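Input: a single structure, listed below in structure tokens.
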There are 4 protein chains.
Amino acid sequence: MLTDPSVTDKRLLILRAALRLLAGCGFHGFSMKQLADEAGVAAGTLYLYFKDRDALIRQLHQEIIQTFAQHVLAGHDPDKPLQQQYRDLCQNVWLFCKTYPEMLLSKGQFDHLPPDVLRDHFLSAWQAFGPLRVLFDKCREQGMIKPLPDEILVTLGFETFINLARKYHLGLVSEQDMDVNEIIEATWHAIALDTRNRI
Amino acid sequence: MLTDPSVTDKRLLILRAALRLLAGCGFHGFSMKQLADEAGVAAGTLYLYFKDRDALIRQLHQEIIQTFAQHVLAGHDPDKPLQQQYRDLCQNVWLFCKTYPEMLLSKGQFDHLPPDVLRDHFLSAWQAFGPLRVLFDKCREQGMIKPLPDEILVTLGFETFINLARKYHLGLVSEQDMDVNEIIEATWHAIALDTRNRI
Amino acid sequence: MLTDPSVTDKRLLILRAALRLLAGCGFHGFSMKQLADEAGVAAGTLYLYFKDRDALIRQLHQEIIQTFAQHVLAGHDPDKPLQQQYRDLCQNVWLFCKTYPEMLLSKGQFDHLPPDVLRDHFLSAWQAFGPLRVLFDKCREQGMIKPLPDEILVTLGFETFINLARKYHLGLVSEQDMDVNEIIEATWHAIALDTRNRI
Amino acid sequence: MLTDPSVTDKRLLILRAALRLLAGCGFHGFSMKQLADEAGVAAGTLYLYFKDRDALIRQLHQEIIQTFAQHVLAGHDPDKPLQQQYRDLCQNVWLFCKTYPEMLLSKGQFDHLPPDVLRDHFLSAWQAFGPLRVLFDKCREQGMIKPLPDEILVTLGFETFINLARKYHLGLVSEQDMDVNEIIEATWHAIALDTRNRI
DNA sequence: AATGAATGAGGATTCATTCAT
DNA sequence: GATGAATGAATCCTCATTCAT
């Protein structure tokens with residue numbers, strides 16, 4: 001996995017180097033030669049592991065998504081109270097984004113992959129997030145949360161932490177400014193179905 | 001302004017062409033030659049209006065921010081009820097993002113501008129959003145919303161609509177799936193300070 | 001003439017500006033736009049006075065040669081003693097090269113004009129130097145100088161001062177280092193026919 | 001060395017090609033593409049050996065200076081009579097300039113290198129000409145030549161042959177016109193200190 | 001498997017020249 | 001005559017990719 005430094009598989013070494021460069025300089029200004037240097041291999045070696053630049057970018061994208069999913073779902077326990085599960089997931093999202101800013105920074109870089117490729121990646125990601133769908137289903141069944149599609153719940157809930165992490169790394173908010181638990185509660189209010197919430 | 005097609009100032013024509021390309025293919029694969037073609041001018045002409053590629057990108061970024069601010073604050077009336085003001089702003093954010101997807105898609109492309117440039121742009125944007133800060137201040141004074149920094153309120157509130165618009169344009173959510181007013185309420189729940197909200 | 005600042009003929013203004021630029025940055029890095037700015041006219045105006053860049057360069061070359069000839073022959077008096085005439089000419093060469101370094105610096109820049117053009121220019125220059133040929137002829141007739149072709153006498157005599165002026169402007173020799181009269185004598189030794197000179 | 005055709009080091013191949021082009025067309029009109037073609041390599045290859053065009057020009061300049069020095073000092077024997085040493089050096093200068101006209105023609109092209117670069121190159125050249133300084137010192141000590149600085153002696157002596165070679169290659173003087181030994185004597189008269197020389 | 005020199009198409013940028021005003 | 005915005009060919013340079021070793 002991208003975040004596991006003990007793995008020395010050369011393919012992963014290259015992807016990790018690509019991630020560092022992507023975060024550092026974006027797509028432009030990251031050349032295959034630079035990547036080779038950063039990864040500590042020769043230029044030609046890259047092509048033993050990846051058909052071409054595009055293939056490398058796509059695989060990196062997928063790898064990031066998988067890594068993200070694994071970190072977010074780490075320690076997930078479907079037997080805990082539902083709201084606790086939600087809190088744990090939020091914590092994980094926040095922790096991951098805070099710890100690995102390069103994944104965040106490179107996110108926008110992928111927005112222009114061909115749409116069909118993007119779709120494929122999202123679908124496989126969604127599969128990795130199966131437990132999340134289960135959680136949302138249960139919450140909806142029990143009338144705990146609003147009857148909104150998963151995608152929208154994700155935006156109201158988890159994506160908030162991604163956005164905050166970006167601001168955090170840009171220095172627009174400091175950790176003193178925010179009590180993560182407080183914000184988790186806030187996002188819960190957004191998705192929770194509480195008759196008393198009605199205005 | 002970027003969204004006003006009646007303006008024929010050549011500088012703006014070029015920026016608009018750049019926006020279309022940026023949305024269509026991202027930074028890479030958008031060459032100055034392509035831009036010239038898209039804008040209907042010769043390659044050399046670009047350099048009469050912009051010192052170089054970087055200057056063009058930076059000016060585009062600022063133009064987008066300004067345009068965004070103007071659309072969001074359009075029709076803003078500080079004399080309306082506070083919550084209504086919030087609703088209006090949310091509506092505007094959603095409408096703008098839905099109507100001009102290219103602004104959205106190009107957003108991630110700017111993440112790698114030099115940090116100091118990014119900071120400058122954000123600050124000038126924040127100035128344009130003065131009425132928003134006033135609104136938040138009033139709401140906080142009256143105990144209507146949680147005592148969170150503006151930046152976080154923005155994320156919990158408005159950025160939700162930006163994220164949703166992206167998904168909308170990617171086809172991940174359809175307009176049938178979502179009742180915008182419902183989502184506006186949801187984000188209000190996120191930021192609102194309601195003692196009954198306490199869990 | 002290039003060195004006469006009272007002439008305000010626009011053609012000459014342009015040529016003088018070209019000379020300044022040529023001396024300052026060589027052929028490369030001197031653009032028609034720069035020239036227009038330096039001359040204080042619009043780019044298009046250059047083409048009212050010169051067919052194209054090449055024509056301008058050629059005319060500049062000729063102008064420099066003519067100016068050089070006029071300065072060198074200034075005050076020439078064919079009735080003075082022959083050796084004194086030689087001394088005067090040397091003095092003039094030195095003075096001119098010292099006073100107008102830009103003419104010197106631009107000299108090497110013309111070495112790559114098409115050979116036929118160069119030839120034409122040299123021939124017309126040689127015509128302007130008629131009095132010099134007369135002087136050499138008289139000296140040779142009287143057995144004062146070696147029976148060498150004019151071209152070689154010029155090299156042994158006058159070109160010495162051109163070379164020294166270049167070194168002077170590069171700071172490789174200072175004026176303290178050199179007594180011009182002494183050097184004039186030295187060059188005279190080079191061309192003089194003195195039986196006692198024989199080794 | 002630039003004049004040794006047996007060396008096939010690619011860097012030298014490129015420099016030699018650059019020299020041919022420089023002599024043929026001067027700085028302008030010699031493009032990196034042309035150079036690549038002339039050298040028989042791809043355009044990109046140039047940049048494997050030289051950082052950019054400027055670096056190439058600078059290195060060419062130094063290479064020319066070094067080559068010139070080596071040829072001029074070839075066969076130099078400090079044990080010969082001093083005047084004979086001088087004659088040998090003059091012969092070498094003449095021979096070199098006659099044989100490799102491209103080095104001559106490119107000379108003026110370097111006049112616009114940045115002054116500090118020019119200075120560096122001249123200093124390193126001067127080091128290579130150590131034996132020449134020794135010769136001048138000895139001659140001055142023995143009262144054989146005028147008490148002039150080395151730089152001026154060089155101009156009066158050796159540079160004469162450079163200038164003549166230029167005229168020779170331009171067809172302004174033919175070899176029939178000139179007896180090199182005669183001219184060597186003439187330059188010796190210029191620098192020699194002979195009381196009988198006094199006029 | 002690994003290398004890295006070589007390639008050459010493609011990018012950003014410049015600049016001589018034109019032409020409508 | 002004079003302007004200077006517009007042009008687009010040509011320039012320098014980069015970089016993804018290949019291939020002989």
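The chains referred to below are lettered A, B, ... by the order of the sequence lines, with proteins before strands, and numbering in each begins at 1. Owing to the predicted nature of the structure, the values given are computational and were not obtained by experimental measurement.
Taking atom CZ of D/F50 as the reference point, atom C1' of E/dA5 lies 15 Å away to the nearest angstrom. Atom CZ of B/R11 is separated from atom P of F/dA5 by 16 Å (rounded to the nearest Å). Distance, A/I14 CD1 to E/dA1 P: 11 Å, rounded to whole Å. Computed from coordinates, the C/I57 CD1 to E/dA16 C1' distance equals 12 Å when rounded to whole Å. Rounded to whole Å, the distance from CG on B/D37 to P on E/dG11 is 11 Å. Distance B/L48 CG to E/dT14 P: 11 Å, rounded to the nearest Å. E/dG4 atom C1' lies 13 Å from atom NZ of D/K10, rounded to whole Å. Straight-line distance from the CG atom of A/L35 to the C1' atom of F/dT14: 16 Å, rounded to whole Å.
Under the rule for a side-chain hydrogen bond (donor to acceptor under 3.5 Å, both in side chains), the partners of B/Q59 that lie at least two apart in sequence or sit in another chain are B/R11. Scored by the ring pair (Phe, Tyr, Trp, His ring centres under 6.0 Å) test, C/H121 finds C/H61 as partners (sequence neighbours excluded). Listed by chain and number, the residues in a ring pair (Phe, Tyr, Trp, His ring centres under 6.0 Å) with A/Y100 are A/H71, A/F96 (sequence neighbours excluded).
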Exercise for the section: State the dot-bracket string of DNA chain F. Criteria: Watson-Crick or G-U wobble, both atom distances under 3.5 angstrom; notation: ( ) intrastrand, [ ] crossing earlier pairs, | interstrand, . unpaired. Expected result: .||||||||||||||||||||
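When side chains are defined from C-beta on, A/L35 counts as touching A/L56, because their heavy atoms get closer than 4.5 Å. C/M103 places a side-chain heavy atom less than 4.5 Å from the side chain of C/L19. Side-chain contact between D/Y49 and D/L15 is absent, with no heavy-atom pair separated by less than 4.5 Å.
Here the CD1-CG distance, from B/I14 to B/L60, works out to 11.5 Å after rounding to the nearest 0.5 Å. We find the CG-CD1 distance between B/L2 and B/I65 to be 11.5 Å, quoted to the nearest 0.5 Å.
Screening residues 34-43 of chain C for salt bridge (Lys or Arg N to Asp or Glu O under 4.0 Å) gives C/R20-C/E38, C/K33-C/D37 as the qualifying pairs, with residues at least two apart or on separate chains.
Of the candidate nucleotides E/dA12, F/dT3, E/dA5, F/dT3 has the atom lying nearest to any side-chain atom of C/T45. Nearest to the side chain of C/A42, among F/dA6, F/dT3, E/dT3, sits F/dT3.
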Show the distances under 3.5 angstrom between N or O atoms of the protein and N or O atoms of nucleotides 17-21 of chain E.
residue	atom	partner	partner atom	Å
E/dT17	OP2	C/Y47	OH	3.0
E/dT17	OP2	C/R53	N	2.9

